[in-house]
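Notes follow once the structure below has been shown.
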Amino acid sequence: MSEYNHKEIESKWQKKWSEKKVYETGIEGKEKCYVLDMFPYPSGSGLHVGHPKGYIATDIYSRYKRANGYDVLHPMGWDAFGLPAENYAIKTQIHPQETTEKAIVNFKEQIKGLSLSYDWDREINTSSPEYYRWTQWIFLQLYKNGLAYKKNAKVNWCESCKTVLANEQVVNGGCDRCGNVVIQKELPQWFFKITDFSDELIDDLDALDWPESTKISQKNWIGRSSGAEIEFQLAASTRTNVDWTQTNTDKNSVGSIKVFTTRPDTLFGATYVVLAPEHPLLEELKDSIENFVYVEKYTKKAINKTDLERISEGKNKTGIILEGVIVINPANGKEIPVFVADYVLGGYGTGAIMAVPAHDERDNEFAKKYDLEIIEVVDEVGVLKNSGEFDGLSFEEAKIKITEKVGGSIKTTYRLRDWLVSRQRYWGAPIPIIFCDKCGEVSVPEADLPVVLPTDVDFMPTGESPIEKSESFHNIKCPSCGGSARRESDTLDTFVCSSWYYLRFTDPNNFKEFASKPSIKRWMPVDVYVGGAEHTVLHLLYARFITKALQKIGHVDFKEPFLSLRHQGLIIAEDGRKMSKSFGNVVNPDDVIDTYGADSMRLYEMFMGPFNDSISWNTKNILGVRRFVEKVWRISEFITDKSNQEEDRIIHTTVKKVGDDIQDFKFNTAISALMVCAKHLEEQKSVSKENFKMFIQILAPFAPHLSEELWSIYIGEGLIVKSRWPKYDENKIKSENINIAVQINGKVRAVLEVGLSESEEDVVGKALKINSIQKYAEGFNIKKTIYIKGKVLNIVVM
RNA sequence: GCCCGAGUGGCGGAAUAGGUAUACGCGCAACACUUAAAAUGUUGUCCGCUCUGCGGAUGUGGGUUCGAUUCCCACCUCGGGCACCA
């Protein structure tokens, strides 16, 4: 037999499969299976060997499902809007569309080299007007249903570039282009009301087949915590300076500071109150604060701080006392001071806390620095002390009773904030809103969608988004009154584009709807979703939110988009670092395919180790799987029409094992089982045609080219990619006799062959006849014996 | 700092409803084939010792058990994520 020529064989079958459209989405009306990869951002630098790991896994899974009679939807597309292409355009004046298209062509070619079984007729591109038309439509649905709104928000702003910066463009507090200091600037921004769904986003996680760590991360991100809101009245001495009936219309909050706490049980230990620098009460109390000049100086500085500056302060908490302002601890009537400090956040809870330095680390650090009173009110076992009538209560009980006593209310708060979706960028989907002098904010009529990105733009290294200066874009009439109007020039966060693409894949060429109801019903939800763990919170949370929002509005009738989720582990470079151009340690899949073949590349990435572990690439190790490929090639020379019991047993065992392992994403052990089987067949230098057929069928999802070639030579009926998964025979797997370990006091002293049906008595009897066992048992009493059928016999002696 | 995950041969790793630790692959060594090399095949390859045998070993130290890589407690190291959320 000739040597295995991967280049010839692989290109031959890639052509045939493509001609016969073997990967077309199943439409036969069988049970469906939607297998989805997180679609990539087509970056200019192309794929490295780490990218396709997840794609290979979903491909194997899809092939397995097709062979098992499912209609499979397995699509691929491009998350094509984004910052890198725009930055590149600013540098080179090459339009992002051009670079993006080029990158897509390159990515696609690289992906096709691996024979991933995508249905390319369903390819989508988020930067095409046919797609973003529906991204805009979804924005409008949310807008019309009160789930999208505009408000001011702080953004990173570079004074010198006159532009908004993404967090990743802020390096050490400076602009990554010009190095100038980045400030926080208030600008009107669009938000999605994800916080409306906080509870559902937490509670619906329970029913999902997702990694537990991912669920926990999402829960922590949403950060639901229950506690109490408690009011601290201002002391009379403070009150005299302000006419509260004038400044405050809410009777209940006249002259008080409302705080949120998760630990109302520690109220007796609250020795001061802290306001966030943004707290509105500071302005209202202006005349009562004796050192207001200094306070104002502090708050102005604090508000202008970037996140990075706040973080870098670490344990060195800053703050300033409000002189002349005193509040009363409602639990014990004590008068306590009030501070403003930037470790308290304006956007969380009520923007004010009661500080309990004995039981909160941050309060403790602050109290020590400013020499404030520290009172312990809960002991190590959670029982109250120094708390008057509540002494001796458990902290759980005290939470409720103390809140009740001081007239507080039980309250739940969330860490999650609304999703800021507007970007002051060019390369994104325009927000379909029009501003009219007369009518104000008007949504673009659905019939006028898409709002197409203007092309008469310049990419200048400075200034605002190029979209702002486009005449053609902004020169429009108000759809409501017909008067002159101007378009919203912000574009949407790319996470918006990627938060609904799984719906589009069900019906990608629909010009009338984002996807037809029957298509959505047919395919959704996604059965298996695979992608990197870096999307644990943002993308996965946003996609879940959009699904829930669309369900609420009535466009879909399910509440979760992804039933099961798997993360692929990173492929680390051979030098132990991340693969990156700047380290010069990138391995290009094209080179690997050229040298070893696509089948070997696929096998290697799956054989490296557990799918979700991070593992170092090692080119040497590819030899192992390449040798395996050649071994299978050689085994085909031994095909006979005779089989034997042992051969049948190992083939059927392997069929079972490989199927089970694919189902569980345990590809490494599946390949190991295939290797063990191949080794056996080669050693006995014979394999029946029937068994060989089964073997290449279960090998096919991993090494489709090799299997198809062997199939065409030796089996010849149709294509292996269209064949049905072989059925194993449980009777052929079972064997009568089995080796068990015989232990004395838990140490293995002998191996014994026994029948599976033999009784414990018989097995013990046989074991005691073995020389090496007698040696250990002699002179001792047998205390007891433990026999685990087919595995181990332990004889306990004294 | 908090949260999550992981520590098994020279290396990637296998085995967890507790039951023969080191499957499979890489590497290494010897042998066969060869003028030679490559390729391929065969055999060996956790460590130690007083070596037909015995003892030890799954990050460290304890515990539960007839039996622990697997369960429990404490600690150490590495990787990932998040940043003061009251």
Side-chain angles (χ1 to χ4, degrees), chain A residues 3 211-217 219-221 223-225 227 259-264 266 270 274 276 307-308 310-315 317 341-345 347-356 359-363 365-366 413-417 533-534 536-537 567 569-570 572 576 603-604 607-610 612-625 627-628 630-631 634 666 668-676 678-679 682-683 739-752 772 775 783-797:
Chain A
E3 268 190 21
E212 210 47 46
S213 59
T214 303
K215 291 189 192 179
I216 289 167
S217 298
K219 282 183 189 171
N220 291 343
W221 187 265
R224 178 164 65 189
S225 57
V259 306
F260 173 74
T261 177
T262 54
R263 296 292 306 275
T266 62
V274 188
D307 287 353
L308 267 153
R310 281 184 140 200
I311 295 158
S312 57
E313 269 168 25
K315 291 194 167 179
K317 307 256 178 292
D342 68 3
Y343 80 91
V344 174
L345 308 173
Y348 183 77
T350 61
I353 63 156
M354 61 179 222
V356 187
H359 302 287
D360 182 283
E361 212 180 317
R362 292 155 303 171
D363 296 345
E365 284 158 10
F366 191 82
T413 57
Y414 302 85
R415 180 185 174 273
L416 184 68
R417 280 170 290 188
E534 68 272 18
T536 292
V537 274
H567 295 303
L570 286 175
I572 311 287
L603 283 164
Y604 174 60
F607 185 60
M608 288 174 93
N612 58 354
D613 282 10
S614 290
I615 300 167
S616 291
W617 179 268
N618 185 341
T619 300
K620 264 186 192 166
N621 285 357
I622 304 174
L623 270 178
V625 292
R627 283 175 190 151
F628 167 69
E630 288 170 12
K631 186 174 285 185
R634 282 198 307 274
K666 285 157 75 176
N668 55 332
T669 49
I671 293 168
S672 161
L674 288 163
M675 286 171 166
V676 171
K679 205 183 197 176
E682 190 178 47
E683 269 167 15
N739 287 330
I740 64 158
V742 182
Q743 302 178 328
I744 300 285
N745 289 349
K747 283 197 193 291
V748 180
R749 298 300 181 184
V751 174
L752 177 66
S772 57
K775 205 169 80 187
K783 205 174 142 201
K784 66 169 162 176
T785 59
I786 296 124
Y787 177 52
I788 308 297
K789 200 174 157 193
K791 293 208 166 145
V792 70
L793 169 70
N794 191 10
I795 300 170
V796 184
V797 300

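Every chain is numbered from 1 and lettered A, B, ... according to where its sequence line falls, protein lines coming before strand lines. Since the structure is predicted, the reported quantities are computational estimates derived from the model, not experimental observations.
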- Query: For rA86(B), does either OP1 or OP2 sit under 4.0 Å from a side-chain N or O belonging to R415(A)?
  - Reply: no
- Syn/anti state for rC47(B) [syn: chi within 90° of 0]: anti
- Task: Whole angstrom is fine here: how far is it from NZ in K620(A) over to C1' in rG13(B)?
- Result: 17 Å
- Message: Using the rule given for side-chain contact (heavy atoms from CB on, under 4.5 Å), can you reason through Y343(A) versus E365(A), listing the C-alpha separation, both sets of side-chain angles and the distance that settles it, and then say yes or no?
- Response: CA-CA 11 Å; Y343(A) 80 91; E365(A) 284 158 10; over 6 Å; no
- Message: Between N794(A) (side chain only) and G746(A) (backbone N and O only), is there a donor and an acceptor less than 3.5 Å apart?
- Response: yes
- Task: Let me know the distance between CZ of R749(A) and C1' of rG67(B), rounded to the nearest Å.
- Result: 13 Å
- Message: Quick check on rU40(B): is either OP1 or OP2 less than 4.0 Å from any side-chain nitrogen or oxygen of R627(A)?
- Response: yes
- Item | Intra- and interstrand pairs of RNA chain B - dot-bracket, Watson-Crick/G-U under 3.5 Å, | marks other strand | (((((((..(((......[....)))((((((.......))))))((((...))))..(((((..]....))))))))))))....
- Item | Euclidean distance for P, rA32(B) against rG79(B) (whole angstrom) | 48 Å
- Within the side chain of D360(A), is there an N or O that forms a donor-acceptor pair under 3.5 Å with the backbone of A355(A)? no
- Closest nucleotide among rG25(B), rG41(B), rA83(B) to the E682(A) side chain: rG41(B)
- Query: Ignoring hydrogens and geometry, is there a side-chain-to-backbone donor-acceptor pair from N618(A) to K620(A) under 3.5 Å?
  - Reply: yes
- Message: Counting only side-chain nitrogens and oxygens, does Y348(A) get under 4.0 Å of the OP1 or OP2 atom of rA86(B)?
- Response: yes
- Message: Walk along nucleotides 14-24 of chain B from 5' to 3' and tag each nucleotide B, S or - by protein heavy-atom contact under 4.0 Å, base first, then sugar-phosphate.
- Response: SS---BBS-BB
- Item | Donor-acceptor contact present, side-chain D363(A) to main-chain V356(A), <3.5 Å | yes
- Between I622(A) (CD1) and rG13(B) (C1'), how many Å, whole number? 17 Å
- Return yes if some donor-acceptor pair links the side-chain N/O of S217(A) with the main-chain N/O of S213(A) below 3.5 Å, else return no. yes
- Message: At less than 4.0 Å, is any side-chain N or O atom of R362(A) found next to OP1 or OP2 of rG1(B)? Yes or no.
- Response: no
- Query: Would you find more than 12 non-hydrogen atoms of other residues, nucleotides or ligands less than 6.0 Å from K789(A) atom NZ?
  - Reply: no
- Task: Provide, to the nearest angstrom, the distance between the NE2 atom belonging to H359(A) and the P atom belonging to rC84(B).
- Result: 23 Å
- Message: Does K747(A) have more than 12 heavy atoms from other residues, nucleotides or ligands lying within 6.0 Å of its NZ?
- Response: no
- Message: I want to confirm an ordering. Mapping K747(A) and V625(A) to their closest nucleotides on RNA chain B, which one lands closer to the 5' end?
- Response: V625(A)
Scan nucleotides 47-50 of chain B against the protein and return all N/O pairs shorter than 3.5 Å with their distances rounded to 0.1 Å.
none

- In whole angstrom, what separates L570(A)'s CG from rC78(B)'s C1'? 15 Å
- Query: Where does rG9(B) fall, syn or anti, if syn means a chi angle no more than 90° from 0?
  - Reply: syn
- Item | Atom pair distance, as rounded to whole Å: CZ in R224(A) and P in rA86(B) | 14 Å
- Task: Look at T785(A) and rC66(B) and indicate whether a side-chain polar atom (N or O) is within less than 4.0 Å of OP1 or OP2.
- Result: no
